[in-house]
Amino acid sequence: MVIATGTFLGGRLFRGTERLDGGRIDERPSHRLSQQFRSMDLPITRLKTGTPPRLDGRTIDWSRLERQSTDEDMWRMSFLPCPRRFLPQLSCAITRTNERGHDVIRAGLSDSPLFAGAIEGGGPRYCPSIEDKVHRFGDRDGHQIFLEPEGLDDHVIYPNGISTSLSRGIQERLIATIAGLERARITTYGYAVEYDHLDPRSLDHRLGLHDLPGLFCAGQINGSTGYEEAAAQGLIAGLNAAAHALSLDSFVCDRAAGYMGVMVDDLVLQGVSEPYRMLTARAEYRLALRADNAETRLTGLGVAAGAVREQRRASFERRQEMRVRARAGDRREIDPDVYREVEEDARYAPYLERQTAEIARMRADRDVTIPSPETLHAVPGLSTEMIERLSIARPTTLDEASRVRGITPAALSALWLHARKSA
Ligand SMILES: Cc1cc2nc3c(=O)[nH]c(=O)nc-3n(C[C@H](O)[C@H](O)[C@H](O)COP(=O)(O)OP(=O)(O)OC[C@H]3O[C@@H](n4cnc5c(N)ncnc54)[C@H](O)[C@@H]3O)c2cc1C
């Protein structure tokens, strides 16, 4: 069985001083399952996320806004042959918050559940609420908003960038200050949702619970953030649940094979202190993990797991032959994207060699002393998140830093390079 309860376990919604039970707006939460997990002594804690108000697209003044068209070329996720995109393509538009809107937000902070301390769970660092952005980056005179149509057959617009749990009145006043949205009608107000999640360190690399063989978990219940993270975990947990039921070999993707492997490894070994977002900086081998070589990296794993249909397997084998011919210098009858992939491989080869050598040297240099927390801001390439985590844990060597929860390979590399230069 795979449990994928999203934000529903013990879900509670917050908007201004309003408090509602719910997994999402107008959807009941799941309390019984949450209680059952707690009664089994599974390690459960709280996280929070949020969502923006939805707008009626017919009340937006699109003529005043910069248009963001869809990709013009025929790029698709799938490597299977396909003559065209089947669905009609829609455009988005861009607008921004401004000082007037920021004043409205500041005036509403006293009712904010985030700022009044009503929410105990940690929120997503990489998609903060608009009130968080205005509070933390007070010097910015505006924050970008993408206006995204939610579907082909309705008028609802998702204003990406203004997730909020401020009160309804403040949301209405904020929207009225934004260019193009002055007359926009809110169809659903934004809110924050706090929910139970399972400490993913209680899972193995198959996303199965150590203590309950046959039970697998995927998505936000494991402490991750968004769609892609949830989808990838669903694939891994689903494959392994099926393998378990049929007594087949487990499906495991390692860190060098794909971001799925990086994410699962990070989740089950390090756990989370805030919703986990997959970022390229979390991968040691990020130069090798390109979108254009996903077929080469992953299809073989899928074939071995029995999860690839005949049409894809045959197409993969045909294109593998083309890769061999392209590497030998052949240009005829080679799919253009296969040729580009081989070209990219050649272009990246020296950097990959350098990266592999650096990783090896860094591993041999683990006792090197790293800067004290007070001087971390002088290390080029260290993000605010990394400085925060290192300042709390105060490691003194590279080896200690590598064991601090959430420290990325990119941060270790920055610390190591800085230490070597300063030596
Ligand atoms: C309004 C909104 C906007 C979002 N926008 C973005 C975005 O722009 N980008 C992004 O990356 N992510 C976004 N997300 C997050 C993204 O939707 C989630 O991270 C992702 O859907 C999580 O997948 P999941 O499988 O963990 O849970 P969900 O997709 O939430 O699925 C959980 C399912 O479990 C069911 N369920 C719960 N409890 C039980 C039970 N006891 N019994 C039976 N069924 C149960 C629920 O009904 C629900 O169908 C958004 C989320 C919301 C709510």
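Counting convention: from 1, in listed order, for ligands and their atoms alike.
Nearest to atom 34 (O) of ligand 1 by heavy atom, out of A4, G219, G6, is A4. Nearest-heavy-atom check against atom 40 (C) of ligand 1 across A231, C127, A230, S30 picks out S30. Between the choices R24, R54, E228, R32, the shortest heavy-atom distance to atom 1 (C) of ligand 1 belongs to R54. With Y227, F146, Y195, Y191 as candidates, the residue nearest to atom 4 (C) of ligand 1 on a non-hydrogen basis is Y227.
For F115, the CZ atom sits in a packed shell: over 12 heavy atoms of surrounding residues, nucleotides or ligands are nearer than 6.0 Å. Summarising the local packing, CG of D249 is surrounded by 12 or fewer heavy atoms from other residues, nucleotides or ligands at distances under 6.0 Å. The local environment of CZ in R183 is sparse, with at most 12 non-hydrogen atoms from other residues, nucleotides or ligands closer than 6.0 Å. Within 6.0 Å of CD on E353 lie no more than 12 heavy atoms contributed by other residues, nucleotides or ligands.
Of all protein heavy atoms, the one lying nearest to atom 48 (C) of ligand 1 is F8 CE1, 3.8 Å. Nearest non-hydrogen protein atom to atom 39 (C) of ligand 1 is T5 CG2, 4.0 Å. Of all protein heavy atoms, the one lying nearest to atom 52 (C) of ligand 1 is T51 OG1, 4.6 Å. Here the protein heavy atom with the shortest distance to atom 18 (C) of ligand 1 is Q220 OE1, 3.6 Å.
Atoms of ligand 1 lying under 4.0 Å from at least one heavy atom of G226, given by number and element, are 10 (C), 11 (O), 12 (N), 19 (O).
Within the structure, the closest approach of R277 to ligand 1 falls below 4.0 Å when heavy atoms are considered.
The nearest protein heavy atom to atom 9 (N) of ligand 1 is closer than 4.0 Å. Within a 4.0 Å radius of atom 45 (C) of ligand 1, the protein has no heavy atom.
In summary, the side chains of R24 and T7 do not present any donor paired with an acceptor at a separation below 3.5 Å, with no hydrogens or angles considered.
Ring pair F216/H244 is perpendicular by interplanar angle, where above 60° counts as perpendicular and below 30° as parallel.
Only backbone heavy atoms of T225 (N, CA, C or O) come within less than 4.0 Å of ligand 1; its side chain stays farther off.
For R394 and E374, the salt-bridge test passes: some basic side-chain N is under 4.0 Å from an acidic carboxylate O. Contact check on E343 versus R340 returns no salt bridge, with no Lys/Arg side-chain nitrogen under 4.0 Å from an Asp/Glu carboxylate oxygen.
When atom types are taken as modelled, the side chain of Q233 and the backbone of G219 share a donor-acceptor pair closer than 3.5 angstrom.
Note: an N/O pair closer than 3.5 Å links Y158 and ligand 1 by distance alone.
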